[in-house]
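These notes are about the structure you will find just below.
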Amino acid sequence: MIATLPQSVRLRLRHRARTRWRDPVLIVAALVGVGLVVMVIAAPWLAPEAPQQTNILAPNAPASAQHLLGTDALGRDLLSRLMYGGRLSLLAPALVVVIATTVGTALAVSAAWFGGAFDSSVTRVMNILFSFPSLILAVLAVAAFGSGVVAPVLALSVAYIPYVGRVARSLALRERNLPYVEALVLAGVPTWKICAGHITANLLPVIRAQALIAFGSALVDFGAISFLGLGVQPPTAEWGLMVADGRSALLSGTPQESLYAGGFIVLTVVALNVVGERLAARAEMSR
Amino acid sequence: MIVAMGAQPARSRHLVMANRWLFGPLLTVLVSSFVIFVALSGAPGDPAVRLLGGHPTEIALTAERHRLGLDRSILVRYWDWLTGAAHGDFGTSITYRTDVAGLLEPRIVTTLLLTLMAGLLIVVFGIGIGIVGAVFRPAGTGVTSLTSVGIAVPAYVAALVLVNVFALKLGWFPAIGGGQGLADRIWHLTLPAISLAIGYAAYVGQVTQSALRAELGAEHVQSARGRGIPAWSTFRRHVLRNAAAPIITVSGLSLAALVAGAVVVESAFGIDGIGSFLVTSVSAKDYNVVLAISLLLVVVFVVVNTLVDAVNIVLDPRARTMQDRP
């Protein structure tokens, strides 16, 4: 495939591939991210115990060969709960980001395309939404629709629309005024095809980077909702809930549950932010 | 655009100003509070049933609903609530059976103190670390890594780590509670304020560092240096002033978001403030309290945002024409 490309393109591709893999921080962060995803998917095979398996004889046990990270107040194996807990902790913000990115991009591109009153009202609503803290929106959604996973995920999805939408709109506006778009219009290409196939496709690198950064933020927010007792309910394992769950053990001297769960949250967010920021910088540079 | 605005008749210009600084923010408050009001009035749980308790008869329920005004249209109820709120009357709390306003007052003081302390930490350490990272080149990478990790630390994780180290291991600060009297309160709120400030300070630091770096590399700064103007006055008059807009925007937004962060931190430290009160009221389905706190929060966000806009315009008149651009 590559052999059929012209020499200059081939050289550029090879150069890009090489620079992409020369950045050790990016590699480590990406590996951590992939490792976490593999860990939660393979939890049933990797976890030493079932996450709900209690053992009242060994509450808050220290790390041992049997329990690599110790146990929680009910004697449940912490490593297993962290592995299983990551499933919800990663899946919920992933849903948030997918919904917010899709809606945000669609709104942004159509606002840039149609302009006028539609554009200014979309922009205004996004600006208002952006100034409103996402966590408060999620708390109010729980008040209106009851606790659980659905209400916070939907509320956060709405709250994160402007994270992607605001950036995407200003770029789509620039893109819309480029000569190639006019050429496509004159060639009779349907509007939706220009918007979806060309403008959105050109925005993708930026959107991808923005989505990764939003993911970390959504993960923290979702964990906060669980931490407050408004989201996931016990005995389900979830990182934010585990941080809250370990509080009483921490106050009596065994901080392991809170600290490990918190550590996983921080590790995930750092890895995602690093990858997101590098991708954003790269997208900026190629512009 | 500025020329065009100057050419407009004075009355129209005043209208534009009022629209931007008065009616726009007011409309935002009205629309957001209406959306919240409607959403909460459709929430599960009938307040009439909760107030009567037990198994009330249908007649008693209808009478209670009528007394509470629940049988009227949502628009009438919103108007009544809004006019009441404008006079400081937020109705009664279902849980405490007393005036919501009386319940809010002492808690507002606590939350205000907490957010002020955290805000001070954010501005001092955030901008400070950003300046250090931008001006002293060797510290740059260290500051960048520190802020990237700091941003990723949620307040609830920071809270428990700080409690573990400074309250339990070292015993310097109390692990829980809000305290009595000013000095004791400040002592109690130190760890909460730090855990609230970490993430935002790191964010402000990152923005400060990159804004200052961009300005330090700018041509006019280089030429000012080349002409032998003292480094400090170049920094103050050219770098800091030009980089101020993003720094002030991010600091202002962080200060508004602090109120949201207070929800988490107050719950983590068992402090009886507005944030933890919102959470317990949501759990207890005490909707009058939830409504009152949300209105308060919306007003705070809108006021802070408008102030940030105003400060940016004072600093950079070009921002005046950029109101519709992101």
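Just so we're on the same page: letters track the sequence lines, and every chain starts at 1.
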task: Would you give the length of the straight line joining atom CG of B:Leu278 to atom CD1 of A:Ile136, rounded to the nearest 0.5 angstrom?
output: 6.0 Å

statement: Highest number of heavy-atom pairs under 4.5 Å with chain B among A:Ile128, A:Asp119, A:Leu135 belongs to A:Ile128

- request: Look at atom CZ of B:Phe90 and say whether more than 12 heavy atoms of other residues, nucleotides or ligands are closer to it than 6.0 Å.
  value: yes

message: If the test is side-chain contact (heavy atoms from CB on, under 4.5 Å), which one of B:Ile36, B:Val35, B:Ile293 qualifies with A:Leu140?
response: B:Ile36

message: Are more than 12 heavy atoms, taken from residues, nucleotides or ligands other than B:Trp21, located less than 6.0 Å from that residue's CH2 atom?
response: yes

- request: Would you name the heavy atoms of A:Pro133 and B:Ala257 that are closest together and state the gap between them?
  value: CG-CA, 4.2 Å

- prompt: Can you name the residues of residues 262-272 of chain A that have some heavy atom under 4.5 Å away from a heavy atom in chain B?
  reply: A:Gly262, A:Ile265, A:Val266, A:Val269, A:Val270

Chain A contact via B:Glu266 - which portion, at a heavy-atom distance below 4.5 Å: neither

message: Run B:Tyr156 and A:Val220 through side-chain contact (heavy atoms from CB on, under 4.5 Å) and show every step you take.
response: CA-CA 9 Å; B:Tyr156 47 95; A:Val220 169; 4.2 Å; yes

query: Between the side chain of A:Arg247 and the main-chain N/O of B:Leu160, is any donor-acceptor distance below 3.5 Å?
result: no

message: Tell me whether the count of non-hydrogen atoms from other residues, nucleotides or ligands lying under 6.0 Å of CZ in B:Phe166 goes above 12.
response: no

task: Go through the steps to decide whether A:Phe132 and B:Val298 satisfy the test side-chain contact (heavy atoms from CB on, under 4.5 Å), and finish with yes or no.
output: CA-CA 8 Å; A:Phe132 208 85; B:Val298 169; 3.4 Å; yes

- request: Pull out the residues in residues 249-256 of chain A that come under 4.5 Å of chain B, heavy atom to heavy atom, sorted by number.
  value: A:Leu250, A:Leu251, A:Pro255

field: Residue pair A:Ala143 / B:Val290: nearest heavy atoms and the distance that separates them
entry: CB-CG1, 4.3 Å

- line: Paired with B:Ser283, the side-chain contact (heavy atoms from CB on, under 4.5 Å) test is passed by just one of A:Leu228, A:Leu230, A:Val142, namely A:Leu230

Interface moiety of B:Ser294 toward chain A, non-hydrogen atoms closer than 4.5 Å: side chain

query: Quick one: OG1 on B:Thr144 to CD on A:Glu277, what's the gap to the nearest 0.5 Å?
result: 9.5 Å

field: Any residue meeting ring-ring contact (aromatic ring centres under 6.0 Å, His included) with A:Phe222, in chain and number order, not counting sequence neighbours
entry: none

- request: Output all residues satisfying side-chain hydrogen bond (donor to acceptor under 3.5 Å, both in side chains) with A:Ser217, sequence neighbours left out; order by chain, then residue number.
  value: A:Tyr160

- prompt: Is it the backbone or the side chain of B:Ala268 that comes under 4.5 Å from a heavy atom of chain A, or both, or neither?
  reply: both

